[in-house]
Amino acid sequence: MELPLQYLTLHFPVHFSEWGAGWGEPCYLLPQKATDGVRKFIAGGVCKSAAKLNGKVVVITGANTGIGKETARDLAGRGAKVILACRDMAKAEKAAFEIRTTTGNQQVTAKKLDLADTKSIREFAENFLKEEKELHILINNAGVMLCPYSKTADGFEMHLGVNHLGHFLLTFLLIDCLKQSAPARIVNVSSLAHHGGRIRFHDLQGEKSYNRSLAYCHSKLANILFTRELARRLQGTGVTVNVLHPGTVSSELPRHSAILDIVWKRSSFFLKTPAEGAQTSVYCAVAEELESVSGKYFSDCKPAYVSPQGRNEETAKKLWDVSCELLGIHWD
């Protein structure tokens, strides 16, 4: 959650010069106690579980930076074997090395996965299933935001293709392994932005009308609907799936929007750090009280409100069928 600068200067009129370099002019600095209070509020919920994950296998997409990287660091610190599934292997190898060094857990590796290419997704899954016998936690974390109109290698609109269809296919390819490893968990990272989304079946690829902000919202709504329909289909399997909003986090996600990227960087005080943003992902992955909870939406490590569009069962079922058709798969 962001607090506007005007609110702070109105309610805490104390001079501070440290912000001058960030905003171009001297602003107002909160007293340290007030600053700590604001930061604690912005940081939000914290995962309090001390669960250990020794012997557990975890896959996290987009784990070379931001929320994904911090989620990987936390789970590696709990003893899990963590696979960073990433497009940029140079960054992924660097992140894996850093996590191994800071946690002392040598079972952290990087593997190539480009969610904008179904061939890459299938190759990742094939190699994973050859190398690993179990998968206990799958965290579908990677995402793109505010992309100019573009298409994936398979001709899907980029937001829909990466944020929804890519993770849909990856989960499909790994679902049997998850079932055989039960109890297992799937964690999908969505956003509060799903409230602005609509599933426009008549123009799913945005070819008739495209707005990159709305395209992002639509894809995040798709994450919610996918989670709820998958949870329904997984009943009785020992595999749960939940979805979450990580908060407004200082990360590389707005990189496709120069203006928003600048605002993000200059507003970093009012944004969650990646470690703070990772808390709900970690919570959904390890919290003991969620062992049998499935199909729910969380924010700040607690249940959150889902938009009416996100609760539409008919839309969820239709999106499932359309997704299977687009990907050329059959998923009962």
Side-chain angles (χ1 to χ4, degrees), residues 57-62 85 113 115 118 121-122 124-125 128-129 134-143 156 159-191 194 197 199 201 204 218-246 280-281 283-287 290-299 303-304 306-332:
V57 180
V58 178
V59 169
I60 307 176
T61 67
L113 172 66
L115 288 163
T118 58
I121 299 169
R122 290 181 179 279
F124 171 86
F128 174 86
L129 295 173
E134 295 181 303
L135 176 58
H136 303 94
I137 301 172
L138 170 62
I139 301 182
N140 291 319
N141 164 83
F156 306 134
H159 292 92
L160 180 76
V162 171
N163 297 351
H164 170 59
L165 293 173
H167 283 127
F168 189 99
L169 178 60
L170 178 65
T171 306
F172 165 74
L173 295 171
L174 299 178
I175 197 66
D176 286 341
C177 188
L178 284 157
K179 290 178 179 179
Q180 293 164 11
S181 308
R185 302 188 189 192
I186 301 167
V187 178
N188 294 327
V189 178
S190 180
S191 169
H194 85 271
I199 303 302
F201 290 109
L204 201 58
H218 300 335
S219 71
K220 293 292 98 179
L221 173 59
N223 294 154
I224 300 282
L225 294 167
F226 169 48
T227 299
R228 292 172 66 88
E229 179 62 13
L230 180 57
R232 186 183 70 81
R233 293 167 179 258
L234 287 175
Q235 290 178 11
T237 65
V239 181
T240 62
V241 54
N242 290 297
V243 63
L244 65 99
H245 166 57
T280 306
S281 294
Y283 174 75
C284 289
V286 306
L290 299 187
E291 184 175 349
S292 59
V293 174
S294 193
K296 303 302 181 183
Y297 173 62
F298 294 87
S299 178
V306 177
S307 73
Q309 293 76 23
R311 288 180 271 119
N312 189 311
E313 294 183 2
E314 291 306 312
T315 302
K317 292 176 182 177
K318 184 174 180 180
L319 179 62
W320 182 283
D321 292 339
V322 170
S323 298
C324 288
E325 182 179 347
L326 289 171
L327 292 166
I329 61 176
H330 181 72
W331 191 356
D332 290 328

Got a donor-acceptor contact below 3.5 angstrom from the Asn188 side chain to the Val241 backbone? no
Indicate yes or no: at least one non-hydrogen side-chain atom of Thr240 is less than 4.5 angstrom from one of Ser292. no
Looking at side-chain heavy atoms only, is the closest gap between Pro246 and Thr280 below 4.5 Å? no
Does atom CD of Glu313 have more than 12 heavy-atom neighbours from other groups under 6.0 Å away? no
Looking at every non-hydrogen atom in both residues, tell me the closest pair between Phe156 and Leu326 and how far apart they are. CZ-O, 3.6 Å
Could you walk me through whether Ile121 and Phe168 pass side-chain contact (heavy atoms from CB on, under 4.5 Å), step by step? CA-CA 10 Å; Ile121 299 169; Phe168 189 99; over 6 Å; no
One thing to verify: whether Arg233 and Glu229 come together as a salt bridge, which I'm taking to mean a side-chain N less than 4.0 angstrom from a carboxylate O. yes
Side-chain heavy atoms of Leu234 within contact of Ser294, under 4.5 Å: no
Holding to side-chain contact (heavy atoms from CB on, under 4.5 Å), I want the full list of residues that pass it with Thr315, two or more places apart in sequence or in another chain. Ile199, Phe201, Leu225, Asn312
Just by modelled atom types, is the Gly62 backbone N or O under 3.5 Å from a matching donor or acceptor in the Asn141 side chain? yes
Taking the side chain as every heavy atom from C-beta outward, state whether Leu244 and Ser190 have any atom pair closer than 4.5 Å. no
What pairs of residues pass the side chain to side chain donor-acceptor pair (under 3.5 Å) test when at least one of them lies in residues 169-186, not counting sequence neighbours? Asn140-Thr171
Pairwise side-chain contact, Arg228 with Leu230, heavy-atom cut-off 4.5 Å (strictly under): no
Nearest 0.5 Å, what's the CG-CG distance between Leu204 and Leu319? 7.0 Å
Please check if the side chain of Arg311 supplies one atom and the backbone of Val306 the other of a donor-acceptor pair under 3.5 Å. yes
Heavy atoms only: give me the nearest Leu115-Ala142 pair and the separation to one decimal. CD1-CB, 3.6 Å
Under 3.5 Å, is there a donor-acceptor pair between the side chain of Asn242 and the main chain of Tyr297? no
Let me see the working for Ile186 and Ile139 under side-chain contact (heavy atoms from CB on, under 4.5 Å), right down to the final yes or no. CA-CA 6 Å; Ile186 301 167; Ile139 301 182; over 6 Å; no
Residue pair Leu221 / Ser307: nearest heavy atoms and the distance that separates them: CD1-OG, 4.2 Å
Go through His167 and Thr61 one step at a time and tell me if the side chain to side chain donor-acceptor pair (under 3.5 Å) criterion holds. CA-CA 9 Å; His167 283 127; Thr61 67; 2.9 Å; yes
Evaluate side-chain contact (heavy atoms from CB on, under 4.5 Å) for Val243 paired with Val189, printing each intermediate quantity in order. CA-CA 6 Å; Val243 63; Val189 178; over 6 Å; no
When you compare the side chain of Phe298 with that of Val293, does any pair of heavy atoms fall below 4.5 Å? yes
Does any donor atom in the side chain of Ser323 or His164 lie under 3.5 Å from an acceptor atom in the other side chain? yes
Side chains of Phe124 and Leu173: does their closest heavy-atom pair fall under 4.5 Å? no
Would you sort out whether Leu138 and Val187 count as a side-chain contact (heavy atoms from CB on, under 4.5 Å), showing the intermediate values? CA-CA 6 Å; Leu138 170 62; Val187 178; over 6 Å; no
Taking every non-hydrogen atom, the tightest pair across Asn163 and Gly143: OD1-CA, 3.1 Å
Results of side-chain contact (heavy atoms from CB on, under 4.5 Å) for Phe172 - residues two or more places apart only: Leu169, Ile329, Trp331
Just by modelled atom types, is the Ala184 backbone N or O under 3.5 Å from a matching donor or acceptor in the His136 side chain? no
Is any side-chain heavy atom of Leu113 closer than 4.5 Å to one of Leu170? yes
State whether the side chain of Ser191 and the backbone N or O of His194 hold a donor-acceptor pair below 3.5 Å, judged by distance alone. no
